[in-house]
Every structure is written in C-alpha cells, then in structure tokens.
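Below is one structure, written out as structure tokens; comments come after it.
Proteins come first, then strands; the chains are lettered A, B, ... in the order of their sequence lines, and each starts at number 1. Quick note: numbers below take in every heavy atom, side chains included, and nothing from hydrogens, waters or symmetry partners.
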Protein chains: 2
Amino acid sequence: MHWKERASIEKITIKEIAELAGVNKATVSRVLNGNANISARTRDKVMEIVKRHNYVPNALAKGLASNRTYTVGFCYDYTEKQAVSNPFFQTVLQGVEDVVYARNFLFLMMSMQRDQLAHSSFAKVVTERRIDGVLVPTQLFTEATHRLLRQEGMPFVVVGEPMISQPDVHWVDIDNVQASEKLTRRLLDQGLGDVRIVYDEADKVRDKFVLDRIEGYKRAMGASRLKPREATLPQVEEAFVGEAETVPQALIFSTESLLFDWLDTAASYPQAHSIRLATFDRSPFHRHMKYAVEAIEIELEAMGTEAADMLFALIDKNELAQPYIKIPSK
Amino acid sequence: MHWKERASIEKITIKEIAELAGVNKATVSRVLNGNANISARTRDKVMEIVKRHNYVPNALAKGLASNRTYTVGFCYDYTEKQAVSNPFFQTVLQGVEDVVYARNFLFLMMSMQRDQLAHSSFAKVVTERRIDGVLVPTQLFTEATHRLLRQEGMPFVVVGEPMISQPDVHWVDIDNVQASEKLTRRLLDQGLGDVRIVYDEADKVRDKFVLDRIEGYKRAMGASRLKPREATLPQVEEAFVGEAETVPQALIFSTESLLFDWLDTAASYPQAHSIRLATFDRSPFHRHMKYAVEAIEIELEAMGTEAADMLFALIDKNELAQPYIKIPSK
DNA sequence: CTGTTAGCGCGTTCAG
DNA sequence: CTGAACGCGCTAACAG
C-alpha cells in the first residue's frame, strides 16, 4: 500500500457530502462554517450526512483556501539542551496549550539555536507560512528574529519581557519586581537580617528579569531599612576565604542554575550549611535537594495563557487592549 | 492591516516565477523538486529568479497537491503534567528533532491525556491528516490509539516497548535487561552483596521496562550466586520497623519517581542513610540531591534518532528492515 | 526536455 | 436561501 492510497482511506470530501445531500458544495461549506443564511432543513440534512460519514475537513485544503493554518508556533531555545526540560518552560507551555486547544488550533513546536536563525526550523516555519502566529521566548527575541517576523507580517508575542522595549513588540511576563520583593520580605519576616541576592554578570546584561529581581529585593530591603547587598557567586564565596567578611544569613539566587552552582561549591565550606537558600520558580526537585530551599510561586501557567490570549487577539483582530502584561504573584 | 493582506506580503508564487522566466509553471516545479530532465539553461534561469525573489514554496499548497505534509508528530502524555519537563522525554525528543530537521521535515507536538483519545489534539491531527507519521510513547499506545492509527493508515512508531507485542507494531527501546544487569553488577563490584530492586506494583503491570529491569537485576544477581530480592517501597520500609529484617546495602529503583518517594520517607530512618541508592536515567539533578545516586547512562538520544529513522522508513518505503530495535547501554 | 490540462479540497464571489 | 464558477499554489499525468 503506497502512501497515496493509504492517505485516501475513507476520507469523504465536501463534494461527496454535497452529492449525497443533493445540494451544492458551497452549501455544505456554509453549513460547516456556521453561515447564517441556511434553511434549517438543508442544514439538518447536511449535518446528518456529515455525522454519518464521519466527515473531517482537510486542514490543508481549508488553509490553502482561507489563507489560514489554524496553527500557532511555540519557539524554544535549543542552544541550551535543557531548555525543554526546564520546569519553567513546560509550565508556561501548559498554559499555552490550554488556550490553543480550546480554540481548536494546533500547536507547532520549533527549535532555534541562538544566532542560528537562518537555518532554524523557526525561520522555515515562518517563511513557509505554516503558522498563523508565534510565541517567542525573550531569550530568542533578537534583532534578527524581530526583523524576520515583521518582514513576514507574522503576529507574535514575546514570552518574558524583552531587554529593550519597542512599541510594536508585545510581551507578557510575571511581575518579577513584585515577586522578588515578596520573597525577600518573607525571609526578613523569618528574622533574617543579612539577606543578599546573587546574580550572574552575563545574565544581568541579557535578561530583564534579573534586573527586576534585584530591584524587588532592594525595595524590600529598603523598606526594612536594611542595606541591600548584591553579589556574584564568586564574590559570595570570598566571604569564606577572606576573614573580614561576615557569613550571610540568607542568599536569594536570581536564577535556579545559580543555586545549583552554589550547591556544587557550598559543600567545601562548613559555614555554608547554615545559610538559608531561596530562589524563584519552585520546582518539584527542591524537596529532594541537599538543603531546604525557599521558593516563591510564580504564575507561570498564567503567563502561558495570557501570552496565548494576546497572540489570538493579534491574529483575530490585529490589535491589543494592552501592549504588554505583567502578572503579579499571589 | 488584515491577516489576508498581511499573509500575502512579498510572497512570490511558482506561477509568477514561471512568467518571469518565460517558462511554464510545471517546469519551475520540476526545477524546484530536482527533477532530472531539465536543461541546464532553463534550470539556471529559473533558479536565478527564485533566488533573486527569495521564493519560498507554500507548504500548504504543496501538501494539498502531493498529499504530503512534510510534518511528523510527536505525541506526549498530558496526564502527567510533568511529562514534558521529564529529562527522559526531552532527551529522546532531541534525538528525534535532529533526524526530523535533517530531513527538512517539521515537527508537531501533540498532547494527549490517557483515556481521552477522542478529544485529544492527537486524534485531531491524525484524522485531519496534518502529519505524515507519528511517534507515540508506549504509555499512550493503547488499543484505542492503535485502532485509530490503523484506521487512518497513519504510519507510526512506538517509543518504548509496548506491553503486548503485535506484529504490525514497530517500536524502539533501550535494552532495559542489559542496562539493569550492568547497573546491578556495578554495585556488586563495589563489594555490596545485599542489593535489592524496588518496583511499583502498578508500574510493573503497565510498563514493560519495569519487568525488564527486574529481569536484568535477577540475571546479575544469579551470575554472582546471590539471592535476588525484589520489593515494593512499603515492603522495603518494613525492614526498618520490624526487627528480624536486615537493612539492605543498596537499593535499585526501577523508576526515578520511586527514588524520590524513597527520599521523602528515608529521612525518618537513621539506618537508611548508609544505603547506596541507584537508578536509571542519570539526571542533572542527581548531584544536588540529599544522597549520592548511582545511575547508568542509557542511550535516550539514540532512542529518539532510531525511532525517527524507523518512522521515515515507514513513510518513505512503507517497510522496515527490523520490526523493532533494542538499544544497548554502552 | 517542456508545455497543456487537470485536479488536490475547500472558500468565496456573483447571480438568481 | 442556494447553485455555478473560479481561485488558493502546487503536483501530476499526458502529450509532443
């Protein structure tokens, strides 16, 4: 059995339905698409046949005729092999899926390596018009990406606040300032005074959320009239070799990977065990880790649903109520 | 700007190319598809125009005409919310992607909740013929799934050995018996004698790999003339409340989630700290966990590439060299 | 080697 | 309210 025959198994078309119902193709099409001007009688007759023969529209033909694919894309970073396994990623994805499937759309995942736009499946999908819109994580939203999207007239929403904001770029993110402020306050409320925030130099330049988390931390510290102290991981470690430095009571890691890096080295310092650890994005692994980790629930799933909703607004009406959305932590 | 205009930005078609080159549409199509019988002159002329105008074929039209979508699907289990974040899942996925993109195919992710086939995007994609073939994880490969796939004549490969083997079902899996034997031997070689394997009753009935891992364990124990002892998690715990029982020297967890369950309860038993822990699928989180975990490298990425290769063989030639593939651990 | 003629399955005028 | 005719962009016979 060749694929050509295989693919035509039992697939009834709109034309055959029309013949069976004794009406025209166009009429069937109208019934199927809920067109208003149809007599109840013909509608029922057509629907009966549709049901009985288990008619399923051909998505390709429909797309070709209507210039729509009924598919949205989700682009993910393939540079870091762990991107997909990232709980962050997958929770957002879940929110997206709920919305996408509720709309009866499909969902095309595309990988893209940073700085490899030209050969990515992302570029291919966009230029071939296999999607009606796309969600792009902020890490992948470069100048080149933006240019391609705009040039192709492809609706898009950035997931995560882009570093440089532009008027025609719509995005959704959690409110990192608020989340960080809240997390910091939670530690302070536990009686800890010397709370510091740890960041990575490279991240700080590239990721807006790192800046925001530092900012939120500062606000909470300021509100308690405490001196904020931000540091890179190496700087924190100096506290254990130098003598003048005091050991912090708690460390807030601006990213989870920093926390992991810390765990790798902390074992060398006995004093490190008493430090309270905190980060964002609670993960199911936390409770199995060497030390207890304080984490704040951030609304990742909501981020996915909001992003998808924005994208559909763009696809449907080509306009947005708000240019961007910040989701506060509860 | 409405989507209809937006979508037609700058998109040159095969027909226009033909006019510019002064040839027929069909000729352009032949050039584009690398058809043999074309004079070098017309080929060059056509290609020059194609390049200059940045022609990109319309995937939908191509698919409609050739009855092909140039897309393969990957179905994942949405029942367990963590499925996508599972390192297992994502490593396999990576192997799949490499093959799929190398073939210039696209990649459609579909979710499916167990026992919810009818309303899944999976069923939709398959019946609407939006893919040329699909990869299905064994957990989702139920009777109903199989029936749908066969009824629609959709080529498929099961990822992971199905519990019940059937002649027309092709699959790829790692060699779990071999991997388990190897892992067990590694523990025995460390001088540990009382090594036991832990399984979950429900998993054992549903997942073939659990049976295989138990089998591999037994072989290694047998080869060392040791008495194999398999137990469920509750049974293992009894060792700590009863008195007659001895504390095992090592525990092999047939799944990672069992290991996690163990970690949750182990803290209560001081004797538990000395037990060596082992499992399959090394994960990046292991090294941050409370206790050291012995793990064996299994060829997950190869599993993905092999599965994809099998699928393409099915799509292209509708036949397979081997009905299934078992990948040994190195 | 290349042009002609038909569709693929569906949406969408434009009449009536 | 419904039918006829055409087009979406491309591939696939069949000629020549």
Checklist entry - What nucleic acid atoms does A/V28 come within less than 4.0 Å of, heavy atoms only: base, sugar-phosphate, or nothing? => result nothing
Checklist entry - Which nucleotide sits closest to the side chain of A/A26: D/dC8, C/dT2, D/dG3? => result D/dG3
Next on the checklist: Within this structure, what is the OG1-CZ distance for the pair B/T71 and B/F107, rounded to the nearest 0.5 Å?
Outcome noted: 11.0 Å
Checklist entry - Given atom NZ of B/K62 and atom P of D/dC10, what is their separation to the nearest angstrom? => result 9 Å
Next on the checklist: Can you measure A/I17 atom CD1 to D/dG3 atom C1' for me and round it to whole angstrom units?
Outcome noted: 18 Å
Checklist entry - Of B/A61 and B/T27, whose nearest nucleotide on DNA chain D comes first from the 5' end? => result B/A61
Next on the checklist: Please determine whether a side-chain nitrogen of the Lys or Arg among B/R103 and B/D132 lies less than 4.0 Å from a carboxylate oxygen of the Asp or Glu.
Outcome noted: no
Next on the checklist: Nearest whole Å is fine: how far is C/dC1 P from B/D44 CG?
Outcome noted: 13 Å
Item to check | Evaluation steps, side chain to side chain contact (heavy atoms under 4.5 Å, CB included), between A/V46 and A/R43 | outcome: CA-CA 5 Å; A/V46 168; A/R43 179 199 316 284; 6.0 Å; no
Next on the checklist: Whole angstroms only, please: what is the CZ-P distance between B/R43 and C/dT2?
Outcome noted: 9 Å
Checklist entry - With nearest nucleotides of DNA chain C determined for B/I38 and A/I14 from heavy-atom distances, which residue corresponds to the more 5′ nucleotide? => result B/I38
Next on the checklist: Let's go through B/V31 and B/M47 carefully: what are the C-alpha distance in whole Å and the side-chain angles of both, what is the deciding distance for side chain to side chain contact (heavy atoms under 4.5 Å, CB included) to 0.1 Å, and is it a yes or a no?
Outcome noted: CA-CA 8 Å; B/V31 171; B/M47 285 311 287; 3.6 Å; yes
Item to check | B/R30 side chain, from C-beta outward: closest of D/dG3, C/dT4, C/dC10 | outcome: C/dT4
Checklist entry - Looking only at side-chain N and O atoms, does B/S29 come under 4.0 Å of OP1 or OP2 in D/dT11? => result yes
Checklist entry - Please give, in whole Å, the distance from D/dG9 P to B/L32 CG? => result 15 Å
Checklist entry - Given that B/G22 and B/K25 both sit by DNA chain C, which one's nearest nucleotide is further toward the 5' end? => result B/G22
Checklist entry - Base, sugar-phosphate, or nothing: which does B/S39 touch, judged by heavy atoms less than 4.0 Å apart? => result sugar-phosphate
Checklist entry - Is the distance from OP1 or OP2 of D/dC10 to the nearest side-chain N or O of B/Y70 less than 4.0 Å? => result no
Checklist entry - Distance check: side-chain N/O of B/T13 vs OP1/OP2 of D/dC8, anything under 4.0 Å? => result no
Checklist entry - Any donor-acceptor pair under 3.5 Å linking the side chain of A/H170 with the backbone of A/Y324? => result no
Checklist entry - Under 3.5 Å, is there an N or O donor on one side and an acceptor on the other linking the side chain of A/R129 and the base of D/dG9? => result no
Checklist entry - Roughly how many Å is it from NZ in B/K11 to C1' in D/dG9, rounded to a whole number? => result 13 Å
Item to check | Side-chain heavy-atom pair B/I131, B/F74 within 4.5 angstrom cut-off | outcome: no
Checklist entry - Base, sugar-phosphate, or nothing for B/N24, non-hydrogen atoms under 4.0 angstrom? => result base
Next on the checklist: Does C/dG9 have OP1 or OP2 under 4.0 Å away from a side-chain N or O of A/Y55?
Outcome noted: no
Checklist entry - So, is A/N33 close to the C/dG11 phosphate, meaning a side-chain N or O under 4.0 Å from OP1 or OP2? => result yes
Checklist entry - With distance as the sole criterion, do the side chain of A/R68 and the base of C/dG11 form a donor-acceptor contact below 3.5 Å? => result no
Item to check | Euclidean distance for P, D/dC6 against C/dT5 (whole angstrom) | outcome: 15 Å
Next on the checklist: Whether the side chain of A/R41 and the base of D/dT2 hold a donor-acceptor pair under 3.5 Å is what I'd like checked.
Outcome noted: no
Checklist entry - Can you tell me if the side-chain N/O atoms of A/N67 get under 4.0 Å from OP1 or OP2 in C/dG11? => result no
Checklist entry - With a non-hydrogen cut-off below 4.0 angstrom, is A/L64 in contact with a base, only sugar-phosphate, or nothing? => result base
Checklist entry - Rounded to whole angstrom units, what separation is found between the CD atom of B/E19 and the P atom of C/dT4? => result 12 Å
Item to check | B/K124 vs B/M110 side-chain heavy atoms within contact, under 4.5 Å | outcome: no
Next on the checklist: Please tell me if B/S66 has a side-chain N or O lying less than 4.0 Å from either OP1 or OP2 of C/dC8.
Outcome noted: no
